[in-house]
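One structure below.
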Amino acid sequence: GGSGIAVVGPSTLGESDLDTVVATYTYGGTTGSLTARDVITENGSLEASQNADGDYTVPSADTILSTVRNRILASEAESRGMTVSDDDLTAYADDTLGTSDFASIAETYGMDEDSVKDILTRSALMNKLRVEVVGDTSGLTAPEAPTAPEVSTTREDGEPMSDEEVAAAQEAANNASEKKYATYIIEIAGDAWNADEGTWADGEGEYAQTLSEYKVTAKGASYNAAQAAYYVAYQQYSTAQSEVSSAWSAFVNDLLSNSGLVLSTLKN
């Protein structure tokens with residue numbers, strides 16, 4: 001309660017203070033502790049946390065909480081027999097960062113290579129746990145919007161069109177039937193489109209209902225129809241993403257409800 005939390009204690013630590021315990025936690029019948037060094041290195045590098053005076057910024061309560069949370073999730077994953085092999089780590093780095101050149105990653109983030117590997121290993125382990133809990137969501141990606149048709153803003157005589165003329169030309173182009181928009185709609189709709197029949201697989205389905213005012217065939221459809229299909233696809237993606245997020249949050253919250261934590265810092 002209250003209107004705010006006061007900062008208590010020093011905001012920096014000297015080299016000799018890095019091994020000071022900043023939190024203790026319990027989970028699964030065991031007790032663990034975190035030092036300032038643990039929190040800093042599990043979220044970045046000592047060098048990045050060091051100021052011009054050679055001291056280190058005290059980890060915030062939020063950062064400590066996040067680190068404890070990650071440790072509890074890692075403990076849960078390990079209790080299920082999950083591990084991260086060298087091949088797993090390489091694949092995870094490639095998928096998430098676009099490269100498994102750990103030396104290059106370390107240089108980019110101002111860290112040493114071992115620290116990079118440690119952080120990515122923990123993240124990969126957490127990802128394995130997430131997949132087991134909510135399923136593989138790697139294919140759950142936001143759809144790309146269709147590209148609007150371009151219209152000229154000049155008349156045939158080279159004179160610029162008025163705003164009203166440009167708007168009318170754009171509207172006409174948006175309603176014109178084109179093969180590329182039909183292809184876009186069919187691809188984004190997936191199983192909702194019956195290719196053999198050349199129509200919607202389910203006349204009561206979301207795509208069929210939303211696009212009922214547009215003419216859609218395998219040969220052509222309008223940009224406006226493609227936009228309507230995009231909105232359906234994005235809404236479906238958003239709903240699925242929300243369901244996954246809710247399921248994962250419920251799982252994590254259940255784990256954390258069975259844990260205990262004592263912070264030794266109140267730095268915001």
Side-chain angles (χ1 to χ4, degrees), residues 1-2 4-13 17-51 55-80 82-84 88-89 92-93 95-97 102 105-106 108-112 114-134 137 241-242 244-268:
I5 301 175
V7 175
V8 178
S11 59
T12 60
L13 298 169
D17 301 317
L18 287 175
D19 293 318
T20 299
V21 173
V22 294
T24 57
Y25 63 94
T26 58
Y27 175 72
T30 62
T31 299
S33 63
L34 283 172
T35 65
R37 186 190 303 276
D38 293 330
V39 178
I40 293 171
T41 57
E42 289 185 25
N43 292 277
S45 68
L46 288 173
E47 291 77 9
S49 182
Q50 194 172 31
N51 61 29
D55 293 329
Y56 299 86
T57 302
V58 174
S60 68
D62 283 345
T63 303
I64 296 172
L65 285 168
S66 176
T67 305
V68 170
R69 171 182 177 275
N70 290 343
R71 283 202 171 188
I72 290 175
L73 288 171
S75 177
E76 175 65 21
E78 289 166 355
S79 72
R80 298 181 181 215
M82 297 178 182
T83 59
V84 176
D88 290 336
L89 182 59
Y92 183 78
D95 289 342
T96 57
L97 299 177
F102 298 110
I105 297 171
T108 299
Y109 291 96
M111 301 171 65
D112 62 82
D114 287 340
S115 295
V116 166
K117 288 183 177 181
D118 286 343
I119 290 174
L120 288 175
T121 297
R122 286 191 294 272
S123 185
L125 186 62
M126 192 183 304
N127 186 63
K128 281 193 172 188
L129 178 61
R130 182 184 173 92
V131 168
E132 181 169 296
V133 172
V134 302
T137 59
Q241 189 81 307
S242 178
V244 167
S245 179
S246 295
W248 176 245
S249 293
F251 171 77
V252 172
N253 288 339
D254 184 57
L255 289 185
L256 298 183
S257 70
N258 295 308
S259 65
L261 170 66
V262 176
L263 290 178
S264 301
T265 178
L266 290 180
K267 180 180 181 298
N268 288 330

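Side-chain atoms are counted along with the backbone in the values below, which use heavy atoms only and exclude waters and symmetry mates. Small disclaimer: the values here were computed from a predicted structure and weren't measured.
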Do you know which two heavy atoms are closest between Ala106 and Val116, and how far apart they sit?
CA-CG2, 3.6 Å

With distance as the sole criterion, is a donor-acceptor pair present between the side chains of Asp112 and Ser115 under 3.5 Å?
yes

Which atom names give the shortest non-hydrogen contact between Gly110 and Ser45, and what distance separates them?
O-OG, 3.1 Å

Atom OG1 in Thr12, atom OH in Tyr56: separation rounded to 0.5 Å?
11.5 Å

Please step through side chain to side chain donor-acceptor pair (under 3.5 Å) for the pair Thr35 and Asp38, ending with a clear verdict.
CA-CA 5 Å; Thr35 65; Asp38 293 330; 3.1 Å; yes

For the OH atom on Tyr109, are there more than 12 heavy atoms of other groups (residues, nucleotides or ligands in this structure) within a distance under 6.0 Å?
no

Do Ile40 and Leu18 pass the side-chain contact (heavy atoms from CB on, under 4.5 Å) test, and can you show the C-alpha distance, the side-chain angles, and the key distance before you say yes or no?
CA-CA 9 Å; Ile40 293 171; Leu18 287 175; 4.1 Å; yes

Any chance you could measure Ile64, atom CD1, to Leu261, atom CG, to the nearest 0.5 Å?
8.5 Å

Reported CG-to-CG distance for the pair Leu73 and Asn127, which is rounded to 0.5 angstrom:
12.0 Å

Within the structure provided, determine whether Leu120 and Leu97 are in side-chain contact (heavy-atom separation under 4.5 Å).
yes

Taking the side chain from Ser245 and the backbone from Gln241, do they hold a donor-acceptor pair closer than 3.5 Å?
no

Going by heavy atoms in the side chains, are Tyr27 and Leu255 under 4.5 Å from each other?
yes

Side chains of Thr41 and Asp118 in contact at under 4.5 Å (non-hydrogen atoms):
no

Can you check whether Leu256's main-chain N or O pairs, donor with acceptor, with Ser259's side chain at less than 3.5 Å?
yes

Output yes when a side-chain donor or acceptor of Ser123 lies under 3.5 Å from a complementary backbone atom of Ile119, and no otherwise.
no

Flag side-chain contact, heavy atom, 4.5 Å: Ser257 against Asp254
yes

Stepwise side-chain contact (heavy atoms from CB on, under 4.5 Å) test for Phe251 and Leu129:
CA-CA 11 Å; Phe251 171 77; Leu129 178 61; 4.0 Å; yes

Side chains of Thr67 and Asn70: donor-acceptor distance under 3.5 Å anywhere?
no

Taking all non-hydrogen atoms of both residues, which atom of Pro59 and which atom of Val39 are closest, and how far apart?
CB-CG1, 3.5 Å

Atom CD of Glu76 and atom CE of Met82: how far apart are they, to the nearest 0.5 Å?
8.0 Å

Do Ile72 and Val68 have side-chain heavy atoms sitting under 4.5 Å apart?
yes

Nearest non-hydrogen partners of Asp17 and Thr20, listed with the distance:
O-OG1, 2.8 Å

Does the side chain of Leu125 come within less than 4.5 Å of Glu78's, by heavy atoms?
yes

Find the distance between OG1 (Thr30) and OH (Tyr25) and round it off to the nearest 0.5 Å.
7.0 Å

Lys/Arg-Asp/Glu bridge criterion (N-O < 4.0 Å) met for Glu132, Lys128
no

Under 3.5 Å donor-acceptor, Thr121 side chain and Lys117 backbone:
yes

Taking all non-hydrogen atoms of both residues into account, name the closest pair between Ser33 and Arg71 and its distance.
O-NH1, 3.3 Å

Could you tell me the separation between the CD atom of Glu42 and the OG1 atom of Thr63, rounded to the nearest 0.5 Å?
12.0 Å

